[in-house]
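Presented below is the structure to which this report refers.
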4 protein chains.
Amino acid sequence: MTESGYDYFTTNRVAERAGVSIGSLYQYFPNKESLLFALAEHHANEMMRLAQHYLDPLGEISNRSILEVLQQIIKAAVAVHAVNPKLHRVLHEQVPHSEVMRELDQAKMENVLRSFLAHRRDQLQPENLDLTVFIIERTIRSLIYGALIDRPELLKTGELEQELLALLSNYLLKK
Amino acid sequence: MTESGYDYFTTNRVAERAGVSIGSLYQYFPNKESLLFALAEHHANEMMRLAQHYLDPLGEISNRSILEVLQQIIKAAVAVHAVNPKLHRVLHEQVPHSEVMRELDQAKMENVLRSFLAHRRDQLQPENLDLTVFIIERTIRSLIYGALIDRPELLKTGELEQELLALLSNYLLKK
Amino acid sequence: MTESGYDYFTTNRVAERAGVSIGSLYQYFPNKESLLFALAEHHANEMMRLAQHYLDPLGEISNRSILEVLQQIIKAAVAVHAVNPKLHRVLHEQVPHSEVMRELDQAKMENVLRSFLAHRRDQLQPENLDLTVFIIERTIRSLIYGALIDRPELLKTGELEQELLALLSNYLLKK
Amino acid sequence: MTESGYDYFTTNRVAERAGVSIGSLYQYFPNKESLLFALAEHHANEMMRLAQHYLDPLGEISNRSILEVLQQIIKAAVAVHAVNPKLHRVLHEQVPHSEVMRELDQAKMENVLRSFLAHRRDQLQPENLDLTVFIIERTIRSLIYGALIDRPELLKTGELEQELLALLSNYLLKK
DNA sequence: GATGAATGAGGTTTCATTCAT
DNA sequence: AATGAATGAAACCTCATTCAT
């Protein structure tokens, strides 16, 4: 267990990479955990900031179709995963998952989704909004992240976005 | 980095838990990585053995409907994730994702899926079989694993299985 | 080595407590040792200033009995240990004993004692003045300091002073 | 604060001096504090073992005079302080005093003293046995330790022992 | 083979000290 | 002069790995 990127994330290396001394790092963060959390939080905020960029135009009371909304959300999710993929990966593989990451990109994205879907409840096939939000968020995120790691070409060609739209719209919309 | 229960996965503790000496462990595995890999492989095999149990009855050239097949696959995936959830989680957090895990549960399940779907290509809406397999496998796995960690009640009530079937069948089947 | 309250004695904390910047501290003291020494010296002077208050009335050539003198010295020693007990303790635990502290409260008190006793040599039972001074000073100091730390009630009730007087007068005076 | 013997007591140096690796040290002691405590305890036990050697002959119900007893106790205390003076000093200056050392040589010696004196209460001038024990123990210990550090010649010539006996017997015995 | 005490590189963290502002 | 952020040597401690028994 020596190598690549995982145990590589040491406080001394973070400090060096950041161009500060290890002492300075500890002036801002009381310990490694808090440093990791701060990085994760910052990264999540960056992602959300970008997401807003894609989602704002939709407006909350807009009369866009669910299809349009979905498409935009997927586009946002793809864009968001391009923010800092290396950091994203390290955070997802270093930070005890549920405890920290859940609070961050997951929860935030779920909130956005929930409020979008709540307004269009009558057009939705699934009845349990909470469950639906969980499924959508998780599916989008895992497919995009998985593609990023294992099938990057699917993102470049736009194929994944297309299929995600098909997958989720068929599920969400009443026939 | 406190422990959060998972940094507890040290070679000495693995040996003790396994009831052998640390020295014996190193007689079988040259280093921690290989030990982890072997554990992962064994676990993946356990999962596949159980999966076969669910999938064998379908037969390869059977004339079951895709819906039936999907339902059975989902059932298999849920069962399979109950094999040793704690170990499963530890492995997912310890083993560098793409490099090892892909070789294991992912790849195996993908193969099973591919051969099932290949025989029913004409009934499928999506055209790119490879992409479809990726999407199905990933979606099933991430939703079940995610529920296991964050929403275990969804598994107990069977809700998740139901929704997964809805999600994937609507996507897969021609209208 | 947890803190136990006394490893808390860091230069930065001293500066903060003193209301100056750490930079300013280092303008006056070249290093921690010299700072500690200065603190110890100041503290010792404070103690001596107070001691003089008790001892001056005795006068050097006064014709007070040794008993009176002893009593006053003990009173002075008790008062002196109330000056800043916390600082006193910290200094005793931080400053290498023999090298610094000897120069301070010990030596000064010994000088005072020596000159008092020298004038009454003929009334003293012990013959070696130097040794006597060592014993008296050390006994007074260690019993008062020890009581301060471990048996503060002995100081409040005045019991310790009484016993110290008995202990030392029986030793010093000819029968 | 760089130098001599105080901050010198690091875990790595202890390990090196003990001829073991730092890892081995931590196999036996969970942290530095416990190591220090164990050293202190061992040292205190060594001292007590030697003390018993001097005190056993007295017997508990013996009819030795208090003078004889005192003399023997002082002799024991002097011998005891020769056990490992360097270690003794480090322990006294490193270990948060009251918390650890008190439990050790102090308490043990106090117990021995108390039981000796309790049997001869009617011959004692002081009335408060507890206070007397505190005074005797502390006086013996501080004078011997102080001489060891600052006036070693007093120990070699036996002068200190003599004066201690005079000091304490005059105090203890009824006239 | 099996054992587990021993190893030590390297990780996290502290704190005396410096120096640009 | 005064400030306090920055520095980094060095402390404590962990854990994958070795090797004498």
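Residue numbers begin at 1 in each chain, while the letters A, B, ... track the order of the sequences.
- Scored by the side chain to side chain donor-acceptor pair (under 3.5 Å) test, C:Thr11 finds no partners at all (sequence neighbours excluded).
- Atom C1' of nucleotide F:dA1 and atom CD1 of C:Ile22 are separated by 16 Å, given to the nearest angstrom.
- For F:dA2, one of the phosphate oxygens OP1 or OP2 lies less than 4.0 angstrom from a side-chain nitrogen or oxygen of C:Gln27.
- Of the residues in residues 12-21 of chain D, those lying under 4.0 Å from DNA chain E by heavy-atom distance are D:Val20, D:Ser21.
- Going from atom CG of C:Leu25 over to atom P of E:dC15 covers 16 Å, rounded to whole Å.
- Under the side chain to side chain donor-acceptor pair (under 3.5 Å) criterion, D:Glu46 pairs with D:Arg49, sequence neighbours left out.
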Fill in the blank from the handout: Each base of DNA chain F marked ( ) or [ ] if paired in-strand (Watson-Crick or G-U under 3.5 Å), | if paired to another strand and . if unpaired gives .||||||||||||||||||||
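- Under the side-chain contact (heavy atoms from CB on, under 4.5 Å) criterion, D:Leu148 pairs with D:His81, D:Pro85, D:Leu155, sequence neighbours left out.
- Using a 4.0 Å cut-off between a side-chain N of Lys or Arg and a carboxylate O of Asp or Glu, C:Arg151 and D:Glu137 do not qualify as a salt bridge.
- Shortest non-hydrogen contact noted between A:Tyr8 and A:Arg13 is O-NE, 3.1 Å.
- Taking atom CG on D:Leu35 and atom C1' on F:dT14, their separation rounds to 17 Å, with Å as the unit.
- Listed nucleotides: F:dA11, E:dT17, F:dA16. Nearest to the side chain of D:Lys32: F:dA11.
- Residue A:Ser24 has a polar side-chain atom (N or O) positioned under 4.0 Å from OP1 or OP2 of F:dT7.
- The side-chain contact (heavy atoms from CB on, under 4.5 Å) search around D:Gln52 returns D:Met48, D:Asp56, not counting sequence neighbours.
- Residue B:Tyr8 contributes atom OH, which lies 10 Å from atom P of F:dT14 at whole-angstrom precision.
- The CZ atom of A:Phe29 sits 20 Å away from the P atom of E:dG11 (whole-angstrom rounding).
- Remark: D:Asn111 engages D:Arg114 in a side-chain contact (heavy atoms from CB on, under 4.5 Å) (not counting sequence neighbours).
- The side chain to side chain donor-acceptor pair (under 3.5 Å) check on A:Asn45 picks up A:Lys108, with sequence neighbours excluded.
- A search for salt bridge (charged side-chain N to carboxylate O under 4.0 Å, His left out) contacts involving C:Arg138 returns D:Asp150, not counting sequence neighbours.
- Judged as a side-chain contact (heavy atoms from CB on, under 4.5 Å), and not counting sequence neighbours, the contacts of A:Ser21 are A:Ser24.
- Of all nucleotides listed (F:dT17, E:dT17, F:dC12), F:dT17 comes nearest to the side chain of B:Asn31.
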Name the pairs: protein N/O against N/O of nucleotides 19-21 of chain E, kept only if under 3.5 Å.
none

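- Smallest separation of non-hydrogen atoms from A:Ala77 and A:Ile144: CB-CD1, 3.5 Å.
- As judged by a 4.0 angstrom heavy-atom cut-off over every strand, C:Thr10 is placed among residues touching the sugar-phosphate backbone only.
- C:Tyr28 comes within contact range of the sugar-phosphate backbone alone, with a heavy-atom separation under 4.0 Å but no base atom that close.
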